[in-house]
Every structure is written in C-alpha cells, then in structure tokens.
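Take a look at the structure below.
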Number of protein chains: 2
Amino acid sequence: MVKNVKKIAFANIPLNSENNIPLYQQLYDGLREAILSGSLKAKTRLPSTRTLAKELNVSRNTVMNAFEQLLMEGYLVGKIGSGTYVAQTLPDELLHTGVIKTKEQKQKNFGLSKRGEFLASIPVSLAQRYRTSLTNTTPFQNGLPAYDAFPFERWSKMLAKCWKHLPRKAFGYGSSAGYKPLREAIANHLATTRAVKCSAEQVIIVSGSQQALDLASRLLLDPQDIVWVEDPCYMGARSALQAAGAKVVPIPVDNEGINVAYGEVKSSAKLVYVTPSHQFPLGMAMSLQRRVALLEWASHNNAWILEDDYDSDFRYIGRPIASLQGLDSEGRVIYIGTFSKVLSPTLRLGYVVVPLNLVDAFSSARALSDRHSPQVEQMVLTDFIAEGYFSQHIRRMRALYSERQEALIEAVKEHLLGFLSVYPSETGMHTIGWLPDKSNDLAISETLMNNQIIAYPLSMYTIEAKLPPSLLLGYSGFSPEDIYLAVKKMARVLEYTK
Amino acid sequence: MVKNVKKIAFANIPLNSENNIPLYQQLYDGLREAILSGSLKAKTRLPSTRTLAKELNVSRNTVMNAFEQLLMEGYLVGKIGSGTYVAQTLPDELLHTGVIKTKEQKQKNFGLSKRGEFLASIPVSLAQRYRTSLTNTTPFQNGLPAYDAFPFERWSKMLAKCWKHLPRKAFGYGSSAGYKPLREAIANHLATTRAVKCSAEQVIIVSGSQQALDLASRLLLDPQDIVWVEDPCYMGARSALQAAGAKVVPIPVDNEGINVAYGEVKSSAKLVYVTPSHQFPLGMAMSLQRRVALLEWASHNNAWILEDDYDSDFRYIGRPIASLQGLDSEGRVIYIGTFSKVLSPTLRLGYVVVPLNLVDAFSSARALSDRHSPQVEQMVLTDFIAEGYFSQHIRRMRALYSERQEALIEAVKEHLLGFLSVYPSETGMHTIGWLPDKSNDLAISETLMNNQIIAYPLSMYTIEAKLPPSLLLGYSGFSPEDIYLAVKKMARVLEYTK
C-alpha cells in the first residue's frame with residue numbers, strides 16, 4: 001500500500017531547492033494538494049518520516065515540519081513516529097478543490113444584492129466610463145494639478161522627517177474626524193480666503209470630495225428622497241447621491257447659476273448639490289441674488305445644501321468668491337473642499353465643513369466606512385500650511401494656470417479659429433470649447449480619444465439640459481508646449497483647416 | 001448721510017496692519033459685515049475711494065481692491081469713481097447672517113435622515129464607545145503593532161525616495177482596484193503563506209479591513225438580509241453589517257470555531273462573517289471539519305463567507321494556518337486582510353480578495369465611496385515587500401510578540417495568580433485573561449480604564465453568548481517592562497494580594 005502510494009503521490013511532489021519557498025513548505029503544499037485532489041486517499045497510512053526523507057532526498061526535519069503542519073490543520077491524523085494517516089473527514093464535496101483554477105470562477109455568478117448590482121452600475125467619472133489609462137498624462141484631462149510645479153523635494157523632505165520621528169500617538173489608530181491641528185489650519189484658511197464661518201471642530205477630514213459626498217448622502221438622505229442637482233452636473237456628486245438611493249432631479253443653470261425659481265416650480269427636494277464658486281462644468285459663479293434665493297428656499301423647505309467648492313482657489317480676477325456657507329445663518333450648508341486640486345489627488349485628502357450638530361454623525365459614519373485618513377500625511381500637510389508653503393503654492397499655481405489658460409486660448413486662435421470657441425474663464429482649471437452648431441460632440445470626443453486627446457463632451461454631463469455642442473478642456477495639468485501641440489494635433493485629427 | 005454712515009460703520013471697521021491678513025481684505029470683510037448686519041443700509045452711497053482711504057488712513061488701492069471684490073460679489077452696485085451704492089438685493093432674511101455665531105447652530109437640528117440617525121448610532125469600536133484617547137499608548141489595548149520595532153528609518157527613506165521621483169502617472173488619480181504591482185505582491189504573499197488561491201486581479205486594495213467590510217456589506221447584502229456572525233464577534237464587522245441594514249444573527253463558537261450545526265437549526269443566512277485562523281476575540285482556530293461544514297453549508301444555501309484573517313501572520317507554533325478561501329472551489333469566500341496589524345494602522349492599507357466575478361463590482365463601489373488609496377504608500381509598500389523587508393519584519397515581530405505574550409503570562413503569575421488566568425495563545429496579538437467566576441468584568445474594566453489601563457471586557461463582544469467573565473489583553477504593542485508594570489498596577493488598583 002505505502003509503496004503504491006509513493007508512486008501515486010510522493011514522486012510527483014515537485015521539490016525544488018532552487019526556489020525561495022522552504023522545502024518543508026513545498027512538501028506540505030504537495031501533500032495537501034495530493035490529499036485534497038484525492039490522489040492520497042483517506043485513511044492511507046503515510047510512510048515514516050525517515051523513509052520519506054530518504055525517498056525525497058530531504059532532511060528528516062523537513063518532513064517532520066510538513067507532517068506537523070498537516071496534523072495541526074487536520075489533514076493527517078495519528079502521531080509522528082507511531083504512524084500518520086490521511087484524515088477521513090474530507091467529504092467528496094471538498095475533493096478536487098485543491099486543483100480547481102480560480103479562472104473557472106468567472107463562469108459562476110451568485111450575483112450581488114440588488115443594491116450591489118445598482119452600486120456596481122454607477123460610474124463615478126467619465127475616465128472610468130471610458131476606461132482610459134491616459135487620464136494622468138494626456139491633455140485636456142480636467143481637474144489635474146500641474147505635475148511639473150509640485151514641490152516634490154520639499155514634500156518628500158517633510159514626509160521623511162515626520163515618519164522618522166513619528167510620535168507614538170500617530171502610529172496607531174487616529175481620530176475619525178481628523179488630525180486636530182489640520183482641522184484648525186483648514187478652518188483658518190477657509191475663514192480668511194472664503195469667508196467660511198466655522199470652528200475647527202466643524203472641519204472633518206476626509207479622503208477627498210468623493211468621500212464627503214458619500215458620507216453626506218448616506219447621513220442626510222433616505223432612499224427615494226428627492227435631491228436637486230445642477231444640470232449639467234459633476235458626475236461624482238450625481239453618482240454618490242444616486243448610490244445613496246436618492247431621486248436626482250436636474251435643475252437648469254443660467255449665467256447666474258442654478259435656477260432656483262425653476263426648481264421651486266419643478267419639484268420639492270430634501271437636498272440640493274451646487275458648485276456656487278465655479279459651476280461644474282460650465283464655469284459661471286452663482287450671483288448673490290441666487291445665493292440668497294437658494295438659502296431662502298432651503299430655509300422654507302427645510303432642505304440641505306451641499307456646496308462643492310472644488311477649485312475656487314484658482315481665481316484669476318480678484319480674490320476667491322466668498323462661500324455660500326458664510327451666508328448661511330441656519331446651519332443648512334455642508335461645505336466640501338479638497339486638496340486634490342490644489343496639491344494632488346494622489347494625497348487622498350479633503351475636508352467637509354458641517355454644522356456643529358452634525359459633527360458627531362459625520363465622525364461616526366467615517367469610522368464605520370473606513371476609520372480615518374492616514375495620520376502622517378495629515379501631519380505633514382498641517383506643517384506645509386503652517387509654514388506658508390501652501391498659500392505660496394496656491395499663488396504660484398494661480399499664476400501658472402492663468403498662463404496655461406492663455407496658452408490654450410492662443411493655440412485655439414491659431415489652429416482652430418472658427419471651429420472651437422474658447423472664452424477666458426475667471427476661475428479654475430478647465431474651460432469649455434464651444435463647437436459649431438449641430439456638430440456631434442460625442443463623436444468628436446471619441447475621435448480625439450482615439451488619438452490620445454482627452455476632451456470630454458459637455459453632453460456627457462447634462463441630464464435633461466440641451467446645450468450647444470462643446471468640449472471640456474482642462475489646461476492646469478499641462479505645459480503651454482503640451483497644450484499648443486495638443487491643439488495643433490486636434491486640428492489635424494479633425495481635419496480642420498481655416 | 002455719508003458722514004452719518006461713516007460714523008455707523010467705517011469707524012468701527014477694525015483695520016490692523018499688524019496681523020497677517022491684508023488690509024484690503026480686512027476692509028472687504030468689515031464692509032461686507034456692515035452690509036450684512038444692516039448697519040450699512042441698502043442704497044446707501046459709499047464715500048469715494050479717495051475720501052475713505054484718507055478716512056481710514058490706508059492707501060487708495062486698498063480701498064479700490066475691497067470695493068472691486070464687493071462689486072464683483074454683488075454687495076455693491078455702481079462704478080468705482082462715479083459712485084458706488086449698497087445693493088438693494090439683500091432681503092431681511094439675510095440680514096444679521098453675517099454676525100450670527102456658528103455656536104448657535106448647536107441648538108438647531110434639522111436632523112439626519114432615518115438612515116443617518118441609524119448610522120450615527122453604531123459605534124465601530126470599544127475605543128470609540130469609551131471615547132478614550134489612551135488607545136495608542138496604553139496597555140493592554142489590543143491590535144496594536146510594536147511601535148518600538150517599526151523600521152521608521154527605512155520606511156522614511158523609501159517614502160522620501162518615492163515622492164522625490166514620483167512618476168507623472170502616480171501624481172493624478174489612481175486605479176480604484178489598487179496599484180497593480182502591489183496586488184501582485186499580495187497575491188504571491190497569500191499564496192505562499194496562506195494557501196489563498198487567487199490571481200493578482202482578484203486582490204482589491206482598500207484602506208483597511210473596515211472598508212473591506214463596508215464594501216462587501218453594501219455589495220452583497222440588501223437591507224433586512226440575514227447574516228451570521230460569531231458570538232462573541234469583532235465589533236467593526238458587526239457594525240459594518242448592521243450599517244448595511246443586515247439582520248445580525250449571533251452563532252455560538254466552541255473550541256472548533258463557529259457552530260455551523262447550531263446555526264443551521266437557528267436561522268438561514270445570506271452571508272456569514274468568520275475569523276477562522278484566530279477567532280476574535282477568543283483565539284481558537286477553526287477546525288478542518290468546521291471549515292468543510294461551513295463551505296458545504298454556504299454551497300447548499302447559496303451564501304457568502306467573509307473570512308477575516310486579521311492577525312494570523314503571528315502564529316507562534318508552525319506556520320500560519322491555511323485559509324478557508326483556499327478550500328473554496330465555488331468562489332463564495334471573500335478574504336479580508338490588513339497591513340494595520342503587520343505594519344501600522346496609520347498606513348491605512350488593507351486588501352480584500354474577491355472571486356473574479358466580483359472584481360469590477362468592488363472596484364466600482366470603492367470608486368463611488370472614496371476613489372482609491374494613496375498611490376505613493378502603495379508603491380513604497382510594494383518595494384518593501386519585494387525587497388524582503390516585509391517577511392523579515394513579520395519574522396521579527398513573531399519572535400517579539402511571542403516574548404511579549406510570555407512576559408504577560410509571567411507577570412500575571414507573579415502578581416495576579418489566582419485572580420486572572422491567562423493561557424498561552426498560539427496566534428495573534430492579544431489573549432484572554434479569565435476572571436474569577438461571578439466577577440463583573442464590566443466593572444473591573446471600568447476601574448482599570450479609570451486608572452489608565454485598557455482591558456476591554458469580553459462581555460462587550462458577546463451578543464447572546466454567556467461566557468465566563470474575562471478581559472481582552474493585548475500584548476503586541478507594549479514592551480515586557482510596560483507589560484510588567486501594567487500588570488503590577490492592575491493588582492494594586494484591584495487591591496488583589498495573593
């Protein structure tokens with residue numbers, strides 16, 4: 001019997017002293033595989049460790065280690081020395097498990113839950129929908145900060161220093177609301193640059209605006225609640241609201257921002273999502289009259305306002321516009337900001353300013369969903385702000401991005417005049433390129449994408465709104481040269497000649 | 001009129017050339033405040049910039065900058081030079097907004113949604129419930145890796161190097177599924193140390209086990225779905241499942257792990273959460289028979305299994321136990337692991353291994369909830385693993401933690417013999433200290449907490465199970481000296497003398 005067994009299994013166990021997996025483990029894996037695959041039948045008596053060691057030409061310790069592990073895990077029974085047997089507890093269902101390739105799982109589908117199917121069906125961004133890998137390097141991807149102007153050297157130094165002398169308190173689990181000194185630094189920054197009215201306590205650190213939107217949607221809305229969104233709308237926000245089960249009602253925007261009067265006629269709502277400083281994607285700022293109207297509407301309808309202030313640091317005329325939150329006397333505005341645009345999305349740091357009565361709720365929800373943000377990055381960012389590098393970087397980027405917008409406008413004048421109309425934008429990192437009437441922005445965007453140019457069609461951001469065909473053009477992430485060449489390439493690809 | 005206005009407002013605008021807020025901004029804030037508070041009435045004509053400059057003893061540019069901003073934001077109308085007036089668009093509702101203190105918001109509560117109230121009511125951990133700030137520095141907090149043995153120097157160097165030469169692709173948004181090379185490194189690590197069967201594709205990077213639990217709960221469960229949990233159970237898992245609306249049914253555990261037979265009688269379930277390598281908090285490993293029974297149950301009931309393998313790297317006898325996932329031939333097991341225990345919770349990196357047919361769903365859900373994990377940390381961790389530092393660290397910690405467990409057992413023998421019974425645990429970072437029958441572990445834990453000793457009562461982790469009174473004792477995060485002193489202090493605080 002034993003002889004026979006040897007032929008079947010042991011000879012086939014590939015022991016390779018070259019590779020870096022310890023021999024006892026290779027033997028353990030081989031024996032376990034043989035047992036699971038049934039080539040080593042239940043109740044089979046195994047040869048003695050001495051015999052097997054000779055057989056396989058390995059040390060006896062190697063065999064004993066493997067046997068011990070298998071005994072401990074229940075694959076073998078008995079005692080080393082006085083005879084070990086393959087356990088008989090392995091049912092047929094389990095046999096062959098050991099050899100099934102995970103690839104075969106692709107066929108199977110026990111399905112997600114209904115909610116799961118729904119969640120999986122919502123794309124968070126166009127980049128995701130287009131499944132492109134070009135987004136970080138290709139004009140005119142929007143929302144990308146300037147790679148070539150990031151203070152890598154300084155950030156690297158500060159981070160290294162912080163890790164090298166990491167205090168014990170920062171090594172374990174941190175506060176779900178965030179690192180207190182960072183919350184204070186942000187509160188100060190927002191008070192002076194955005195007229196945001198808040199205490200440090202109201203600032204909750206999150207991993208970016210997406211998480212802020214996810215938490216706010218889950219905390220403030222129940223499934224089927226109605227929410228207003230601007231039309232056209234930022235896709236990440238619309239997706240988070242839908243993911244929470246909300247019914248999204250699109251409200252048109254005009255040159256003063258969201259059309260509150262239209263909304264009041266169209267539908268009630270529990271919450272409204274707006275981008276008052278710089279409407280995404282169209283780019284206008286919400287007028288004071290509209291801000292007032294929106295706050296009044298919210299007050300009369302007991303509704304929440306999500307203010308997404310994603311890029312207003314980059315205002316090229318005057319200072320950044322004062323926030324809607326600062327005009328709110330009732331604590332109805334949830335103010336969302338991010339460092340993804342000012343520094344880099346790779347940091348995964350953002351913040352949400354909530355009314356005092358919601359601070360605990362947001363902290364708890366954050367803890368439930370993923371505990372807290374990395375502490376070291378929060379500490380470094382705090383110093384980065386305190387030592388003035390943050391404001392300095394914003395100032396530098398403001399100048400740089402204004403140049404880049406200029407470069408885009410010039411390049412378009414030179415190569416696409418009469419085809420693409422780009423007007424200066426007072427704020428932000430992208431602008432809109434208007435196409436000739438009746439042109440198909442979807443098809444044009446597709447063609448450009450196939451030629452490694454990213455210019456998402458405005459129609460992908462609209463819900464019901466009918467707007468002239470146009471393309472989103474992000475300029476902040478690309479040098480004037482890149483921009484010039486990309487525009488030139490656009491003209492060639494679209495076979496446009498003046 | 002103007003004279004009068006001056007008296008009311010301008011004199012009161014506190015301009016301080018000392019502080020670091022630019023004068024024009026101080027003036028802007030002051031005027032805006034005056035308008036919003038009503039002390040500057042609508043239609044009031046403002047003095048000329050020249051007059052006001054003299055009045056306030058500032059440069060005319062300062063005044064012009066402030067005016068421009070107020071005109072741009074709609075607080076003033078008219079034209080600089082030919083007369084500027086306070087806008088009349090400000091309704092009474094808005095007046096006084098500017099001076100309301102956010103503190104007053106505390107009174108107000110528009111309330112969260114029903115779901116929000118529920119989410120906010122679920123504590124994710126005992127540390128959170130106890131609202132203690134001692135958790136990162138105080139024995140016997142469980143789940144803390146050794147601070148004094150972390151390779152800060154090396155990590156700091158690798159991180160600095162990575163940031164200094166960060167490739168452009170890593171500066172923008174990253175993959176929601178995670179950094180591919182890290183997913184490969186983890187797949188290899190799991191294959192060799194846990195007999196996990198997976199391709200790199202199946203490994204999704206998350207911010208820690210909590211996020212894995214949150215995503216899995218939202219994707220695999222609908223509200224009201226029934227799930228089995230071990231009783232006693234890891235609170236973070238129970239919370240995530242409840243947060244997703246699941247009905248949690250506690251299933252008792254015995255020395256072989258979860259009692260599948262008992263569960264089959266008690267209730268059906270769509271999903272079961274287990275800790276097979278090292279039951280949390282009791283510490284036993286699930287027997288092979290139970291693993292087989294659980295897989296059969298899942299197969300016959302078309303149920304999911306969440307396998308949380310949180311600390312089995314630290315196995316002091318033999319190798320880490322092979323995973324349940326590796327025995328699963330149908331793709332029903334979701335395998336969750338974290339770097340919080342092996343390296344540090346401050347990294348916020350973990351992973352979940354999912355069947356191939358769920359890869360896209362988990363990626364999308366991750367994107368919706370917070371996009372992706374920080375890329376630089378993922379890159380550094382990849383190198384850390386590839387260069388062998390990771391396995392080395394695990395080996396070193398295994399030795400260290402075994403010493404620390406020994407130190408705990410010795411100290412208890414010396415100071416609490418007959419009061420606290422601590423048995424060696426073969427795996428992990430904590431063990432259980434059994435108290436005398438009929439003692440009140442809640443009260444004892446409370447007393448210890450008041451004396452800066454953390455020892456959570458087992459009864460806080462049980463749902464229906466009636467277990468002997470005992471305390472959770474984490475030893476991994478503390479030096480033998482700390483442990484010795486804390487045990488000695490325990491004896492004093494509890495007034496126990498042999």
Side-chain angles (χ1 to χ4, degrees), chain A residues 69 72 74 89 93-94 97 100 102 105-106 108-109 112-116 119-120 124 136-137 144 147 152 156 160 163-164 168-169 171-173 197 207 210-211 214 219-222 243 288-289 292 296 318 327 329 331 344-346 348 355-357 361 364-365 367-371 374-375, chain B residues 69 72 74 89 93-94 97 100 102 105-106 108-109 112-116 119-120 124 136-137 144 147 152 156 160 163-164 168-169 171-173 197 207 210-211 214 219-222 243 288-289 292 296 318 327 329 331 344-346 348 355-357 361 364-365 367-371 374-375:
Chain A
Q69 183 75 18
M72 195 262 298
T89 57
E93 283 86 345
L94 188 59
T97 309
I100 284 193
T102 50
Q105 292 174 9
K106 195 125 213 166
K108 294 213 190 61
N109 188 348
L112 303 160
S113 63
K114 283 195 204 65
R115 169 174 53 198
L119 286 180
V124 71
N136 291 341
T137 52
L144 269 190
Y147 168 76
F152 288 108
S156 162
W163 259 109
K164 207 164 156 184
R168 184 166 190 146
K169 277 192 73 61
F171 185 69
Y173 286 96
K197 287 209 182 61
S207 67
Q210 193 61 36
Q211 184 168 52
D214 178 59
L219 284 169
L220 305 178
L221 299 171
D222 283 316
L288 184 61
Q289 290 86 328
V292 170
E296 286 179 323
L327 295 176
S329 62
S344 163
T346 206
R348 311 310 307 132
L356 275 174
N357 60 299
S364 305
L368 268 179
S369 64
D370 73 337
R371 296 272 191 165
Q375 296 189 82
Chain B
Q69 184 75 17
M72 195 263 298
T89 56
E93 284 87 342
L94 188 61
T97 311
I100 285 193
T102 49
Q105 292 174 9
K106 195 126 213 167
K108 294 214 191 62
N109 189 349
L112 303 160
S113 62
K114 283 194 204 66
R115 169 175 50 199
L119 286 180
V124 71
N136 290 341
T137 53
L144 270 190
Y147 168 76
F152 289 108
S156 161
W163 259 109
K164 209 164 153 183
R168 184 164 190 147
K169 278 191 72 63
F171 184 71
Y173 286 96
K197 288 211 182 59
S207 68
Q210 193 61 37
Q211 185 168 52
D214 178 57
L219 284 169
L220 305 178
L221 299 171
D222 283 318
L288 185 61
Q289 290 86 330
V292 170
E296 286 179 322
L327 295 175
S329 62
S344 162
T346 206
R348 311 310 306 133
L356 275 173
N357 59 298
S364 307
L368 269 179
S369 64
D370 73 338
R371 297 271 191 166
Q375 296 189 84

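In what follows, chains carry the letters A, B, and so on, assigned in the order in which the sequence lines appear, proteins first and then strands, with residues in each chain numbered from 1. Because the structure is predicted, anything quoted here is derived from the model rather than measured.
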Note to self: To check you understand the geometry: which heavy-atom pair defines the closest contact between B:Leu119 and A:Ser364, and what is its length?
What the structure shows: O-CB, 4.5 Å
Notebook entry, point to check: Are any side-chain N or O atoms of A:Arg115 and backbone N or O atoms of B:Leu221, one a donor and one an acceptor, separated by less than 3.5 Å?
Noted result: yes
Check: Which region of A:Asn136, side chain (C-beta onward) or backbone (N, CA, C, O), has a non-hydrogen atom less than 4.5 Å from a non-hydrogen atom of chain B, or is it both or neither?
Finding: both
Next item on the list: Say whether, by atom type as modelled, one donor and one acceptor occur between the side chain of A:Arg348 and the main chain of B:Asp370 under 3.5 angstrom.
Entry: yes
Item checked: Under 4.5 Å from any heavy atom of chain A - which part of B:Gln69 -> side chain
Next item on the list: Indicate the atoms forming the closest heavy-atom contact of A:Leu144 with B:Gly172, along with that distance.
Entry: CD2-CA, 4.0 Å
Item checked: Side-chain donor/acceptor of A:Thr346 to backbone N/O of B:Phe171, under 3.5 Å -> no
Check: Side chain, backbone, both or neither: which part of A:Leu368 has a non-hydrogen atom closer than 4.5 Å to chain B?
Finding: both
Item checked: Per-residue contact mode, B:Asp214 against chain A (heavy atom under 4.5 angstrom) -> side chain
Next item on the list: Report the option among B:Ala160, B:Gly116, B:Pro345 that has the most heavy-atom pairs separated by less than 4.5 Å from atoms of chain A.
Entry: B:Pro345
Next item on the list: Counting only heavy atoms closer than 4.5 Å, note whether A:Ser207 contacts chain B via side chain, backbone, both or neither.
Entry: side chain
Check: Roughly how far, to the nearest 0.5 Å, is CZ of B:Phe152 from NZ of A:Lys164?
Finding: 13.0 Å
Notebook entry, point to check: Which one of B:Ala120, B:Ala243, B:Ser344 has the most heavy-atom pairs closer than 4.5 Å to chain A?
Noted result: B:Ser344
